Amino acid sequence: MKNLLFIFSITAMLVFTAFKSQAQQTWDWEKYEISLDLPNDFRVVKNTTDEFEAEGEGMEIYMYIFENNISLGEMKEATIEAAIEMDLEEWDAVQDINTRGFKGKYIAGYLNGDAILLCGLINPDNITNFFVVITFHDDDEVAEEDAFEILESIR
């Protein structure tokens, strides 16, 4: 019985993983050789030297270049300053992030009824420093999960 349960669990996990990987597409911010995985319903609306923007059902992502040659501490401070300048409300989380070589800080909050995930990232190996803003409906738990998955997929 334990073997049957184990086999079922492994099979379910593999099916879920295969489904999740098929439900994603990889996009590149060509100028900076930055890639990220977005749900299949997303379309890129801007991919320029300074900005990358994509939209999906009930969700948007916007990335833009920040200053070059700044320290990790300066980027973390800049992220907090950006949240203040945006008038981000009800900060649920202010956390450090270290994902696939990028380091920084993210802030989860709200603005005009939408949930906002604001993240300032630096690549310690070069001078690429940028902000990521992901906006989605507050009551959409799937979108919230997708937002964190997008953030963690940046490479």
Side-chain angles (χ1 to χ4, degrees), residues 10-86 88 91-111 114-138 140-155:
I10 295 297
T11 304
M13 199 166 53
L14 290 173
V15 168
F16 177 75
T17 302
F19 175 75
K20 288 294 276 184
S21 66
Q22 291 176 0
Q24 301 286 318
Q25 59 184 326
T26 299
W27 291 95
D28 296 314
W29 190 3
E30 295 153 0
K31 169 70 176 169
Y32 301 99
E33 298 178 1
I34 295 172
S35 297
L36 69 158
D37 298 330
L38 298 173
N40 278 335
D41 67 326
F42 270 71
R43 65 182 177 84
V44 173
V45 295
K46 189 180 286 187
N47 189 346
T48 67
T49 301
D50 297 321
E51 301 171 295
F52 178 94
E53 184 176 359
E55 298 174 346
E57 188 175 318
M59 192 174 196
E60 297 176 0
I61 181 170
Y62 177 68
M63 298 190 303
Y64 62 98
I65 292 298
F66 188 59
E67 291 180 34
N68 293 327
N69 295 323
I70 64 170
S71 71
L72 179 58
E74 290 169 322
M75 190 61 182
K76 290 177 180 181
E77 288 176 23
T79 304
I80 292 171
E81 289 173 14
I84 292 168
E85 287 178 19
M86 289 175 62
L88 206 57
W91 299 9
D92 283 350
V94 179
Q95 299 290 324
D96 289 344
I97 186 167
N98 183 356
T99 180
R100 299 185 183 212
F102 291 99
K103 297 180 180 182
K105 182 173 287 298
Y106 77 83
I107 299 172
Y110 301 91
L111 184 63
D114 285 330
I116 304 284
L117 185 59
L118 168 66
C119 185
L121 293 172
I122 70 167
N123 182 343
D125 297 331
N126 64 33
I127 58 172
T128 305
N129 307 310
F130 58 100
F131 282 109
V132 179
V133 181
I134 303 174
T135 306
F136 53 95
H137 298 296
D138 179 33
D140 189 340
E141 291 179 17
V142 172
E144 181 177 0
E145 183 179 314
D146 285 347
F148 281 100
E149 287 179 11
I150 291 168
L151 191 59
E152 292 173 1
S153 79
I154 296 172
R155 57 198 176 280

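No hydrogens, no waters, no symmetry mates; every other heavy atom, side chains included, goes into these values. In this chain, residues are counted from 1 in sequence order. It should be emphasised that the depicted structure is a prediction, and the values quoted were computed from it without experimental measurement.
- Rounding to the nearest 0.5 angstrom, the gap separating the CD1 atom in I154 from the CD1 atom in I61 is 5.5 Å.
- Residues meeting the salt bridge (Lys or Arg N to Asp or Glu O under 4.0 Å) test with R155, sequence neighbours left out: D37.
- D140 places a side-chain N or O within donor-acceptor distance of the main-chain N or O of V142, the cut-off being under 3.5 Å.
- In this structure the side chain of F131 reaches within 4.5 angstrom of the side chain of L118, judged on heavy atoms.
- A donor-acceptor pair under 3.5 Å is formed between the side chain of R100 and the backbone N or O of E152.
- Taking CD of Q95 as the start and SG of C119 as the end, the distance is 11.5 Å to the nearest 0.5 Å.
- In this structure, H137 and D114 have side chains that are in contact, with non-hydrogen atoms separated by less than 4.5 Å.
- The shortest distance between side-chain heavy atoms of Y110 and D92 falls below 4.5 Å.
- Ring pair W29/F130 is perpendicular by interplanar angle, where above 60° counts as perpendicular and below 30° as parallel.
- Taken from CG in D41 to CD in Q25, the straight-line distance is 8.5 Å, to the nearest 0.5 Å.
- Of all heavy-atom pairs spanning I107 and A83, the tightest one is CD1-CB, 3.7 Å.
- In this structure, OG1 on T128 lies 7.0 Å from CZ on F102, to the nearest 0.5 angstrom.
- Remark: I134 CD1 to D146 CG distance equals 9.5 Å, nearest 0.5 Å.
- Taken from CH2 in W27 to CD1 in I150, the straight-line distance is 12.5 Å, to the nearest 0.5 Å.
- Side-chain contact between V132 and Y64 is absent, with no heavy atoms from C-beta onward closer than 4.5 Å.
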task = For side-chain contact (heavy atoms from CB on, under 4.5 Å), just list the numbers for V94 and K105, CA-CA rounded to whole Å, side-chain angles, deciding distance to a tenth of an Å, and then say yes or no.
result = CA-CA 7 Å; V94 179; K105 182 173 287 298; 3.7 Å; yes
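- Pairs of residues two or more places apart, or lying in two chains, that qualify as salt bridge (charged side-chain N to carboxylate O under 4.0 Å, His left out) and include a residue from residues 70-81 are K76-D96.
- Scanning for salt bridge (Lys or Arg N to Asp or Glu O under 4.0 Å) contacts around K46 gives E51, with sequence neighbours left out.
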